[in-house]
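Okay, structure first, notes after.
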Amino acid sequence: MTKPVGSVCNLDCTYCFYLEKARLYEGQGGHRMKREVLATYIRSYIAAQPGREVSFAWQGGEPTLCGVDFFREAMELQQRYGAGRNITNAFQTNGTLLDDEWGEFLAKHNFLVGISIDGPRRVHDGYRVDKGQNPTFDRVMNGIDVLKRHKVEFNTLTTVHRKNSHLPLDVYRFLREIGSGYIQFIPIVERAAEATAAAASGLWLAPPPNHPEADELDSVVTQWSVRPSDYGNFLCAVFDEWIKTDVGRIFVQQFDCALANWAGEPAGVCVFSEKCGRALAIEHNGDVYTCDHYVYPHYKLGNVMTDALADMVDSPMQTAFGDSKADSLPRYCRKCPVHFACHGECPKHRFLTTPDGEDGLAYLCGGYKKFYAHIDSPMRTMTALLRQGRAPAEIMQIPRAHWMRGPKLR
(Lines give C-alpha, C1' and ligand atoms only; values in the text may rest on other atoms or scores of the structure.)
Protein backbone atom coordinates (compact mmCIF):
# COMPACT_ATOMS: atom_id res chain seq x y z
CA MET A 1 0.00 0.00 0.00
CA THR A 2 1.97 2.95 -1.34
CA LYS A 3 1.47 6.41 0.18
CA PRO A 4 3.40 8.82 -2.08
CA VAL A 5 2.25 11.90 -0.11
CA GLY A 6 1.94 10.15 3.22
CA SER A 7 -1.10 11.39 5.11
CA VAL A 8 -1.38 14.76 3.33
CA CYS A 9 -4.89 15.32 1.98
CA ASN A 10 -6.98 18.19 0.65
CA LEU A 11 -9.94 16.92 2.70
CA ASP A 12 -10.46 16.87 6.44
CA CYS A 13 -12.77 13.89 6.93
CA THR A 14 -13.86 13.76 10.55
CA TYR A 15 -13.24 10.03 10.94
CA CYS A 16 -9.94 9.72 9.03
CA PHE A 17 -7.43 7.76 11.10
CA TYR A 18 -4.48 8.60 8.86
CA LEU A 19 -4.45 12.40 8.89
CA GLU A 20 -2.71 12.48 12.25
CA LYS A 21 0.24 10.45 10.92
CA ALA A 22 1.68 13.69 9.51
CA ARG A 23 2.87 14.37 13.05
CA LEU A 24 5.26 11.43 12.84
CA TYR A 25 7.15 13.25 10.09
CA GLU A 26 7.02 16.86 11.27
CA GLY A 27 10.19 18.80 10.60
CA GLN A 28 11.57 16.26 8.11
CA GLY A 29 10.98 18.39 5.02
CA GLY A 30 8.02 17.75 2.73
CA HIS A 31 5.62 14.86 2.33
CA ARG A 32 6.05 14.03 -1.37
CA MET A 33 7.97 10.90 -2.29
CA LYS A 34 11.32 11.85 -3.76
CA ARG A 35 12.44 10.47 -7.10
CA GLU A 36 15.21 8.33 -5.64
CA VAL A 37 12.78 6.76 -3.16
CA LEU A 38 10.21 6.14 -5.89
CA ALA A 39 12.80 4.50 -8.16
CA THR A 40 14.23 2.32 -5.38
CA TYR A 41 10.77 1.26 -4.26
CA ILE A 42 9.51 0.36 -7.73
CA ARG A 43 12.67 -1.58 -8.57
CA SER A 44 12.69 -3.53 -5.30
CA TYR A 45 8.94 -4.15 -5.28
CA ILE A 46 8.98 -5.63 -8.78
CA ALA A 47 12.04 -7.72 -7.98
CA ALA A 48 10.36 -9.11 -4.84
CA GLN A 49 7.35 -10.52 -6.72
CA PRO A 50 7.51 -14.30 -7.25
CA GLY A 51 5.49 -14.38 -10.49
CA ARG A 52 4.82 -12.38 -13.63
CA GLU A 53 1.91 -10.44 -12.12
CA VAL A 54 2.80 -7.25 -10.24
CA SER A 55 0.14 -5.02 -8.69
CA PHE A 56 0.80 -1.57 -7.28
CA ALA A 57 -1.71 0.09 -4.94
CA TRP A 58 -1.42 3.87 -4.56
CA GLN A 59 -3.19 5.49 -1.61
CA GLY A 60 -2.85 8.37 0.79
CA GLY A 61 -3.64 10.83 2.13
CA GLU A 62 -4.67 11.92 -1.34
CA PRO A 63 -2.34 10.62 -4.09
CA THR A 64 -3.56 13.08 -6.74
CA LEU A 65 -1.72 15.79 -4.77
CA CYS A 66 1.48 14.35 -6.26
CA GLY A 67 0.36 15.54 -9.69
CA VAL A 68 0.08 13.63 -12.95
CA ASP A 69 3.79 14.03 -13.78
CA PHE A 70 4.75 12.07 -10.66
CA PHE A 71 2.73 9.10 -11.86
CA ARG A 72 4.02 9.45 -15.42
CA GLU A 73 7.47 8.99 -13.96
CA ALA A 74 6.23 6.01 -11.95
CA MET A 75 4.96 4.41 -15.17
CA GLU A 76 8.34 4.96 -16.85
CA LEU A 77 10.10 3.35 -13.90
CA GLN A 78 7.72 0.39 -13.95
CA GLN A 79 8.46 -0.11 -17.64
CA ARG A 80 12.19 0.18 -17.05
CA TYR A 81 12.30 -2.34 -14.22
CA GLY A 82 9.38 -4.51 -15.29
CA ALA A 83 11.42 -7.00 -17.35
CA GLY A 84 8.35 -8.28 -19.19
CA ARG A 85 6.15 -8.48 -16.09
CA ASN A 86 2.42 -7.78 -16.30
CA ILE A 87 2.08 -4.66 -14.13
CA THR A 88 -1.24 -3.22 -12.98
CA ASN A 89 -2.02 -0.17 -10.90
CA ALA A 90 -4.85 0.62 -8.48
CA PHE A 91 -5.43 4.13 -7.24
CA GLN A 92 -7.56 5.17 -4.26
CA THR A 93 -8.73 8.79 -4.36
CA ASN A 94 -11.38 11.10 -2.97
CA GLY A 95 -11.99 12.14 -6.59
CA THR A 96 -12.22 15.88 -5.94
CA LEU A 97 -9.13 16.81 -7.98
CA LEU A 98 -9.75 14.62 -11.02
CA ASP A 99 -9.86 16.47 -14.34
CA ASP A 100 -9.48 15.56 -18.01
CA GLU A 101 -5.69 15.38 -17.76
CA TRP A 102 -6.05 12.81 -15.00
CA GLY A 103 -8.76 11.00 -16.94
CA GLU A 104 -6.56 10.69 -20.04
CA PHE A 105 -3.61 9.45 -18.00
CA LEU A 106 -5.59 6.90 -15.99
CA ALA A 107 -7.27 5.56 -19.12
CA LYS A 108 -4.00 5.32 -21.04
CA HIS A 109 -2.37 3.23 -18.31
CA ASN A 110 -5.46 1.16 -17.43
CA PHE A 111 -5.62 2.22 -13.80
CA LEU A 112 -8.34 0.78 -11.61
CA VAL A 113 -9.58 3.74 -9.60
CA GLY A 114 -11.22 3.47 -6.21
CA ILE A 115 -13.46 6.41 -5.34
CA SER A 116 -14.16 7.18 -1.70
CA ILE A 117 -17.81 8.15 -1.36
CA ASP A 118 -20.15 7.54 1.56
CA GLY A 119 -23.51 7.54 -0.20
CA PRO A 120 -26.00 10.22 -1.23
CA ARG A 121 -25.25 13.88 -0.57
CA ARG A 122 -26.95 14.05 2.83
CA VAL A 123 -24.77 11.31 4.34
CA HIS A 124 -21.58 11.81 2.32
CA ASP A 125 -21.29 15.43 3.42
CA GLY A 126 -21.85 14.51 7.06
CA TYR A 127 -18.18 13.71 7.62
CA ARG A 128 -16.39 14.08 4.25
CA VAL A 129 -15.55 17.78 4.24
CA ASP A 130 -12.62 19.86 3.02
CA LYS A 131 -10.17 21.89 5.10
CA GLY A 132 -12.70 24.70 5.31
CA GLN A 133 -15.34 22.23 6.55
CA ASN A 134 -17.24 22.63 3.27
CA PRO A 135 -19.18 19.75 1.66
CA THR A 136 -17.45 17.72 -1.05
CA PHE A 137 -20.21 15.65 -2.67
CA ASP A 138 -20.48 17.68 -5.88
CA ARG A 139 -16.72 17.60 -6.42
CA VAL A 140 -16.61 13.83 -5.94
CA MET A 141 -19.45 13.34 -8.42
CA ASN A 142 -17.60 15.56 -10.90
CA GLY A 143 -14.58 13.26 -10.49
CA ILE A 144 -16.74 10.23 -11.21
CA ASP A 145 -18.04 11.97 -14.34
CA VAL A 146 -14.42 12.46 -15.46
CA LEU A 147 -13.75 8.74 -15.07
CA LYS A 148 -16.90 7.80 -16.97
CA ARG A 149 -16.11 10.25 -19.75
CA HIS A 150 -12.66 8.70 -20.23
CA LYS A 151 -13.93 5.14 -19.72
CA VAL A 152 -11.74 4.56 -16.68
CA GLU A 153 -12.75 1.53 -14.63
CA PHE A 154 -13.70 2.50 -11.09
CA ASN A 155 -15.10 1.00 -7.92
CA THR A 156 -16.21 2.56 -4.66
CA LEU A 157 -15.06 2.53 -1.07
CA THR A 158 -17.76 3.50 1.40
CA THR A 159 -17.19 3.86 5.09
CA VAL A 160 -20.03 2.79 7.38
CA HIS A 161 -20.34 5.13 10.34
CA ARG A 162 -22.80 6.61 12.78
CA LYS A 163 -24.54 8.81 10.19
CA ASN A 164 -25.10 6.37 7.29
CA SER A 165 -25.41 3.03 9.10
CA HIS A 166 -29.17 3.53 9.47
CA LEU A 167 -29.62 4.01 5.72
CA PRO A 168 -28.27 0.79 4.16
CA LEU A 169 -30.61 0.66 1.16
CA ASP A 170 -30.24 4.36 0.40
CA VAL A 171 -26.46 3.92 0.37
CA TYR A 172 -26.44 0.66 -1.62
CA ARG A 173 -28.94 1.83 -4.23
CA PHE A 174 -27.06 5.08 -4.68
CA LEU A 175 -23.76 3.26 -5.28
CA ARG A 176 -25.49 0.96 -7.76
CA GLU A 177 -27.04 3.90 -9.58
CA ILE A 178 -23.74 5.72 -10.07
CA GLY A 179 -22.28 2.64 -11.72
CA SER A 180 -20.20 1.01 -9.02
CA GLY A 181 -19.91 -2.67 -9.84
CA TYR A 182 -17.54 -3.44 -6.99
CA ILE A 183 -18.34 -2.05 -3.54
CA GLN A 184 -16.21 -2.02 -0.40
CA PHE A 185 -17.87 -1.24 2.91
CA ILE A 186 -15.35 -0.24 5.57
CA PRO A 187 -16.67 0.04 9.15
CA ILE A 188 -15.41 3.06 11.04
CA VAL A 189 -14.10 1.93 14.43
CA GLU A 190 -11.78 4.35 16.23
CA ARG A 191 -10.98 5.11 19.84
CA ALA A 192 -9.83 8.41 21.27
CA ALA A 193 -6.69 8.25 23.38
CA GLU A 194 -6.67 9.50 26.95
CA ALA A 195 -5.69 13.17 26.95
CA THR A 196 -2.27 12.93 28.62
CA ALA A 197 -1.19 10.05 26.39
CA ALA A 198 -2.34 11.95 23.31
CA ALA A 199 -0.36 15.00 24.39
CA ALA A 200 2.77 12.90 24.91
CA SER A 201 2.61 11.06 21.58
CA GLY A 202 1.11 13.82 19.44
CA LEU A 203 -1.47 11.28 18.23
CA TRP A 204 -4.99 11.62 19.58
CA LEU A 205 -6.40 8.29 18.33
CA ALA A 206 -5.65 5.26 20.47
CA PRO A 207 -3.18 2.71 19.05
CA PRO A 208 -4.24 -0.88 18.33
CA PRO A 209 -4.89 -3.04 21.40
CA ASN A 210 -1.69 -5.07 20.81
CA HIS A 211 0.49 -1.94 20.87
CA PRO A 212 2.78 -2.02 23.94
CA GLU A 213 1.28 1.22 25.28
CA ALA A 214 -2.37 0.39 24.57
CA ASP A 215 -3.09 -1.00 28.04
CA GLU A 216 -2.03 2.30 29.58
CA LEU A 217 -4.68 4.26 27.72
CA ASP A 218 -8.16 5.06 28.93
CA SER A 219 -9.75 5.10 25.49
CA VAL A 220 -13.35 5.48 24.36
CA VAL A 221 -14.95 4.74 21.02
CA THR A 222 -15.41 7.93 18.99
CA GLN A 223 -18.89 9.33 18.40
CA TRP A 224 -18.69 8.66 14.65
CA SER A 225 -17.79 4.98 15.01
CA VAL A 226 -20.48 2.58 13.84
CA ARG A 227 -22.35 0.65 16.53
CA PRO A 228 -21.94 -3.16 16.23
CA SER A 229 -25.66 -3.84 15.99
CA ASP A 230 -26.11 -1.11 13.38
CA TYR A 231 -23.29 -2.55 11.28
CA GLY A 232 -24.84 -6.02 11.40
CA ASN A 233 -28.22 -4.60 10.40
CA PHE A 234 -26.60 -2.60 7.60
CA LEU A 235 -24.94 -5.67 6.06
CA CYS A 236 -28.09 -7.79 6.42
CA ALA A 237 -30.26 -5.20 4.67
CA VAL A 238 -27.81 -4.73 1.79
CA PHE A 239 -27.45 -8.50 1.40
CA ASP A 240 -31.22 -8.97 1.18
CA GLU A 241 -31.38 -6.37 -1.59
CA TRP A 242 -28.33 -7.75 -3.40
CA ILE A 243 -29.43 -11.37 -3.47
CA LYS A 244 -32.71 -10.55 -5.20
CA THR A 245 -31.26 -9.09 -8.40
CA ASP A 246 -27.54 -8.31 -8.20
CA VAL A 247 -25.61 -11.57 -7.66
CA GLY A 248 -22.93 -11.80 -10.34
CA ARG A 249 -23.58 -8.21 -11.41
CA ILE A 250 -22.63 -6.20 -8.33
CA PHE A 251 -19.75 -7.44 -6.20
CA VAL A 252 -19.71 -6.52 -2.51
CA GLN A 253 -16.43 -7.33 -0.80
CA GLN A 254 -17.99 -8.68 2.42
CA PHE A 255 -20.23 -11.03 0.44
CA ASP A 256 -17.39 -12.26 -1.78
CA CYS A 257 -15.23 -12.98 1.27
CA ALA A 258 -18.08 -14.77 3.02
CA LEU A 259 -18.74 -17.01 0.02
CA ALA A 260 -15.04 -17.87 -0.20
CA ASN A 261 -14.94 -18.83 3.48
CA TRP A 262 -18.15 -20.88 3.20
CA ALA A 263 -16.59 -22.69 0.22
CA GLY A 264 -13.34 -23.30 2.09
CA GLU A 265 -11.30 -21.03 -0.16
CA PRO A 266 -9.02 -18.10 0.79
CA ALA A 267 -11.04 -15.01 1.65
CA GLY A 268 -8.73 -12.76 -0.35
CA VAL A 269 -8.86 -9.99 2.27
CA CYS A 270 -6.73 -9.93 5.41
CA VAL A 271 -9.62 -8.88 7.67
CA PHE A 272 -11.47 -12.17 7.10
CA SER A 273 -8.41 -14.43 6.78
CA GLU A 274 -6.97 -16.64 9.47
CA LYS A 275 -3.69 -14.71 9.41
CA CYS A 276 -2.58 -11.32 8.12
CA GLY A 277 0.78 -9.66 7.60
CA ARG A 278 1.10 -9.42 3.81
CA ALA A 279 -0.50 -5.99 3.39
CA LEU A 280 2.36 -3.66 4.29
CA ALA A 281 2.37 0.12 3.97
CA ILE A 282 5.17 2.31 2.63
CA GLU A 283 5.30 5.97 3.59
CA HIS A 284 6.49 8.82 1.37
CA ASN A 285 10.07 8.67 2.69
CA GLY A 286 10.42 4.91 2.17
CA ASP A 287 9.58 3.80 5.72
CA VAL A 288 7.79 0.43 5.71
CA TYR A 289 5.22 -0.58 8.34
CA THR A 290 3.46 -3.83 9.13
CA CYS A 291 0.07 -2.43 8.00
CA ASP A 292 -1.41 1.01 7.29
CA HIS A 293 -3.46 0.66 10.50
CA TYR A 294 -0.20 0.10 12.39
CA VAL A 295 1.82 3.12 11.30
CA TYR A 296 3.49 3.66 14.65
CA PRO A 297 7.23 3.63 15.38
CA HIS A 298 6.86 0.30 17.19
CA TYR A 299 5.70 -1.38 13.95
CA LYS A 300 8.26 0.09 11.58
CA LEU A 301 10.09 -2.67 9.69
CA GLY A 302 12.73 -0.55 7.98
CA ASN A 303 13.20 1.72 4.99
CA VAL A 304 13.50 0.76 1.30
CA MET A 305 16.57 2.97 0.94
CA THR A 306 18.51 0.86 3.42
CA ASP A 307 16.66 -2.45 3.77
CA ALA A 308 15.61 -5.06 1.20
CA LEU A 309 11.85 -5.04 0.77
CA ALA A 310 11.68 -8.84 0.45
CA ASP A 311 13.59 -9.21 3.73
CA MET A 312 11.17 -6.90 5.52
CA VAL A 313 8.13 -8.79 4.23
CA ASP A 314 9.51 -12.12 5.45
CA SER A 315 11.22 -10.82 8.58
CA PRO A 316 10.61 -12.56 11.92
CA MET A 317 8.88 -9.41 13.17
CA GLN A 318 6.42 -9.33 10.28
CA THR A 319 5.82 -13.08 10.38
CA ALA A 320 5.05 -12.89 14.09
CA PHE A 321 2.73 -9.95 13.45
CA GLY A 322 0.74 -11.93 10.87
CA ASP A 323 0.65 -15.12 12.96
CA SER A 324 -0.53 -13.28 16.05
CA LYS A 325 -3.94 -12.69 14.46
CA ALA A 326 -4.71 -16.40 14.88
CA ASP A 327 -2.49 -17.07 17.89
CA SER A 328 -4.07 -14.35 20.05
CA LEU A 329 -7.68 -15.25 19.32
CA PRO A 330 -9.67 -15.79 22.54
CA ARG A 331 -11.16 -19.22 23.32
CA TYR A 332 -14.62 -17.67 23.03
CA CYS A 333 -13.89 -16.87 19.38
CA ARG A 334 -12.30 -20.23 18.58
CA LYS A 335 -15.50 -21.97 19.72
CA CYS A 336 -17.79 -19.61 17.83
CA PRO A 337 -19.82 -21.22 15.00
CA VAL A 338 -18.92 -18.35 12.64
CA HIS A 339 -15.21 -18.36 13.44
CA PHE A 340 -14.50 -19.81 9.99
CA ALA A 341 -16.03 -16.72 8.36
CA CYS A 342 -14.84 -13.99 10.71
CA HIS A 343 -11.46 -15.20 12.05
CA GLY A 344 -11.72 -12.55 14.74
CA GLU A 345 -11.82 -9.70 12.19
CA CYS A 346 -9.05 -7.07 12.26
CA PRO A 347 -6.72 -7.19 15.29
CA LYS A 348 -6.99 -3.39 15.46
CA HIS A 349 -10.63 -3.77 16.53
CA ARG A 350 -10.08 -6.44 19.22
CA PHE A 351 -10.34 -4.27 22.30
CA LEU A 352 -13.35 -5.81 24.08
CA THR A 353 -13.45 -8.53 26.73
CA THR A 354 -15.23 -11.83 26.11
CA PRO A 355 -18.04 -13.06 28.43
CA ASP A 356 -15.36 -15.34 29.92
CA GLY A 357 -13.23 -12.35 30.89
CA GLU A 358 -10.58 -12.88 28.22
CA ASP A 359 -9.16 -9.93 26.28
CA GLY A 360 -9.21 -9.75 22.51
CA LEU A 361 -12.86 -9.76 21.43
CA ALA A 362 -13.62 -7.72 18.31
CA TYR A 363 -15.73 -4.61 18.84
CA LEU A 364 -17.97 -5.60 15.90
CA CYS A 365 -18.44 -9.21 17.06
CA GLY A 366 -22.18 -8.90 17.70
CA GLY A 367 -22.80 -7.33 14.29
CA TYR A 368 -20.85 -10.00 12.45
CA LYS A 369 -22.60 -12.80 14.33
CA LYS A 370 -25.96 -11.44 13.26
CA PHE A 371 -24.84 -10.98 9.65
CA TYR A 372 -23.28 -14.45 9.28
CA ALA A 373 -26.27 -16.19 10.84
CA HIS A 374 -28.51 -14.24 8.48
CA ILE A 375 -26.63 -15.29 5.31
CA ASP A 376 -25.91 -18.91 6.26
CA SER A 377 -28.61 -20.56 4.15
CA PRO A 378 -27.98 -18.61 0.92
CA MET A 379 -24.24 -19.02 1.35
CA ARG A 380 -24.60 -22.79 1.65
CA THR A 381 -26.81 -22.78 -1.46
CA MET A 382 -24.31 -20.74 -3.48
CA THR A 383 -21.48 -22.98 -2.27
CA ALA A 384 -23.44 -26.01 -3.51
CA LEU A 385 -23.91 -24.33 -6.88
CA LEU A 386 -20.18 -23.65 -7.15
CA ARG A 387 -19.34 -27.28 -6.37
CA GLN A 388 -21.66 -28.34 -9.17
CA GLY A 389 -19.79 -26.08 -11.57
CA ARG A 390 -22.68 -23.63 -11.70
CA ALA A 391 -22.78 -19.87 -11.14
CA PRO A 392 -23.76 -18.57 -7.70
CA ALA A 393 -26.03 -16.11 -9.52
CA GLU A 394 -28.43 -19.01 -10.19
CA ILE A 395 -29.63 -18.58 -6.63
CA MET A 396 -31.76 -15.70 -7.88
CA GLN A 397 -33.86 -18.23 -9.85
CA ILE A 398 -34.27 -20.59 -6.89
CA PRO A 399 -37.34 -19.94 -4.71
CA ARG A 400 -36.30 -18.50 -1.36
CA ALA A 401 -38.18 -21.22 0.49
CA HIS A 402 -35.88 -23.85 -1.07
CA TRP A 403 -32.58 -22.36 -0.05
CA MET A 404 -33.85 -21.50 3.41
CA ARG A 405 -34.20 -25.19 4.26
CA GLY A 406 -31.57 -27.20 6.09
CA PRO A 407 -29.56 -26.88 9.34
CA LYS A 408 -28.55 -23.47 10.57
CA LEU A 409 -25.34 -22.27 12.15
CA ARG A 410 -27.15 -21.87 15.41
Side-chain angles (χ1 to χ4, degrees), residues 9-11 13-16 57-60 62-64 89-107 109-130 134-188 226 231 233-257 269 393 396:
C9 187
N10 60 318
L11 301 193
C13 301
T14 307
Y15 54 65
C16 182
W58 306 91
Q59 295 202 355
E62 175 49 44
T64 55
N89 289 273
F91 190 80
Q92 188 65 41
T93 174
N94 60 44
T96 62
L97 300 178
L98 295 177
D99 56 18
D100 285 329
E101 183 181 16
W102 273 111
E104 291 171 6
F105 169 81
L106 296 168
H109 295 283
N110 298 310
F111 269 63
L112 171 62
V113 178
I115 292 287
S116 298
I117 186 166
D118 282 357
R121 181 192 306 274
R122 66 185 183 279
V123 291
H124 174 89
D125 286 338
Y127 292 131
R128 297 193 66 80
V129 295
D130 64 17
N134 300 306
T136 62
F137 179 82
D138 288 336
R139 282 173 276 174
V140 178
M141 292 303 296
N142 180 70
I144 292 174
D145 288 341
V146 169
L147 298 178
K148 290 180 177 178
R149 189 161 62 245
H150 290 275
K151 297 180 171 55
V152 177
E153 185 179 359
F154 76 94
N155 57 37
T156 52
L157 186 155
T158 298
T159 62
V160 182
H161 47 67
R162 199 69 60 90
K163 289 189 176 181
N164 67 0
S165 57
H166 297 289
L167 300 166
L169 297 185
D170 289 21
V171 171
Y172 177 67
R173 290 168 181 169
F174 168 80
L175 296 174
R176 186 172 59 189
E177 288 167 6
I178 66 172
S180 179
Y182 188 88
I183 297 169
Q184 297 180 64
F185 290 123
I186 306 296
I188 293 296
V226 64
Y231 188 57
N233 292 337
F234 182 97
L235 292 178
C236 289
V238 173
F239 183 87
D240 288 346
E241 173 90 354
W242 172 81
I243 204 166
K244 293 176 185 176
T245 58
D246 294 336
V247 183
R249 187 173 71 90
I250 304 292
F251 297 89
V252 180
Q253 188 180 71
Q254 278 85 348
F255 306 163
D256 289 347
C257 292
V269 177
M396 293 185 294

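Everything numeric in this text was worked out from a predicted model, so none of it was measured.
Rounding to the nearest 0.5 Å gives a distance of 9.0 Å between CZ of F174 and OG1 of T156. Note that CZ of F137 and CD1 of I117 are 5.0 Å apart. Values are rounded to the nearest 0.5 Å. Considering CG of N94 and CZ of R128, their distance stands at 6.0 Å, rounded to 0.5 Å. Atom-to-atom distance recorded for I144:CD1 and I115:CD1 is 5.5 Å, nearest 0.5 angstrom. Of the inter-residue distances, the one linking N134 atom CG with R139 atom CZ reads 6.5 Å to the nearest 0.5 angstrom. Here L147 contributes atom CG and F91 contributes atom CZ; the two are 10.0 Å apart, rounded to the nearest 0.5 Å.
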Could you go step by step and tell me if Q253 and V269 meet the side-chain contact (heavy atoms from CB on, under 4.5 Å) rule?
-> CA-CA 9 Å; Q253 188 180 71; V269 177; 3.7 Å; yes
Mind running ring pair (Phe, Tyr, Trp, His ring centres under 6.0 Å) on W242 and Y172 for me, showing each step along the way?
-> CA-CA 9 Å; W242 172 81; Y172 177 67; 8.5 Å; no
Kindly indicate, with the supporting measurements, whether the criterion side chain to side chain donor-acceptor pair (under 3.5 Å) is fulfilled by T159 and Y15.
-> CA-CA 9 Å; T159 62; Y15 54 65; 2.9 Å; yes
Take I243 and F255 through the side-chain contact (heavy atoms from CB on, under 4.5 Å) test and state the conclusion after the steps.
-> CA-CA 10 Å; I243 204 166; F255 306 163; over 6 Å; no
Under the side chain to side chain donor-acceptor pair (under 3.5 Å) criterion, do D118 and T158 qualify, and how do the steps go?
-> CA-CA 5 Å; D118 282 357; T158 298; 5.1 Å; no
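Residues satisfying the side-chain contact (heavy atoms from CB on, under 4.5 Å) test with D256, not counting sequence neighbours, are Y182, F251.
At least one side-chain heavy atom of V171 sits under 4.5 Å from a side-chain heavy atom of F185. The closest side-chain heavy-atom distance from Q254 to I183 is not below 4.5 Å. The closest side-chain heavy-atom distance from L98 to D145 is not below 4.5 Å. In this structure, the side chains of I186 and V160 stay at 4.5 Å or more apart for every pair of heavy atoms.
A distance-only check finds no donor-acceptor pair linking the side chain of E62 to the backbone of L11 [under 3.5 Å]. Side-chain N or O atoms of Q92 include one that pairs as donor or acceptor with a backbone N or O of G114 at under 3.5 Å. Of the possible donor and acceptor atoms, none in the side chain of D246 sits under 3.5 Å from a partner among the backbone N and O of I250. For S180 (side chain) and R176 (main-chain N/O), no donor-acceptor pair under 3.5 Å exists by modelled atom type.
Identified under the salt bridge (Lys or Arg N to Asp or Glu O under 4.0 Å) test for residues 153-172, with sequence neighbours left out: R122-D170. Pairs engaging residues 97-107 under the salt bridge (Lys or Arg N to Asp or Glu O under 4.0 Å) rule: R72-E101, D100-R149 [sequence neighbours left out].
A donor-acceptor contact under 3.5 angstrom links the side chains of T96 and N10, judged on distance only.
With respect to F111, the ring pair (Phe, Tyr, Trp, His ring centres under 6.0 Å) criterion is satisfied by exactly one of F105, W58, F154: F105.
Closest of all the heavy-atom pairs between M396 and T245 is SD-C, 3.3 Å. The two residues A237 and L169 come nearest to each other via the heavy atoms O-CD2, 3.5 Å.
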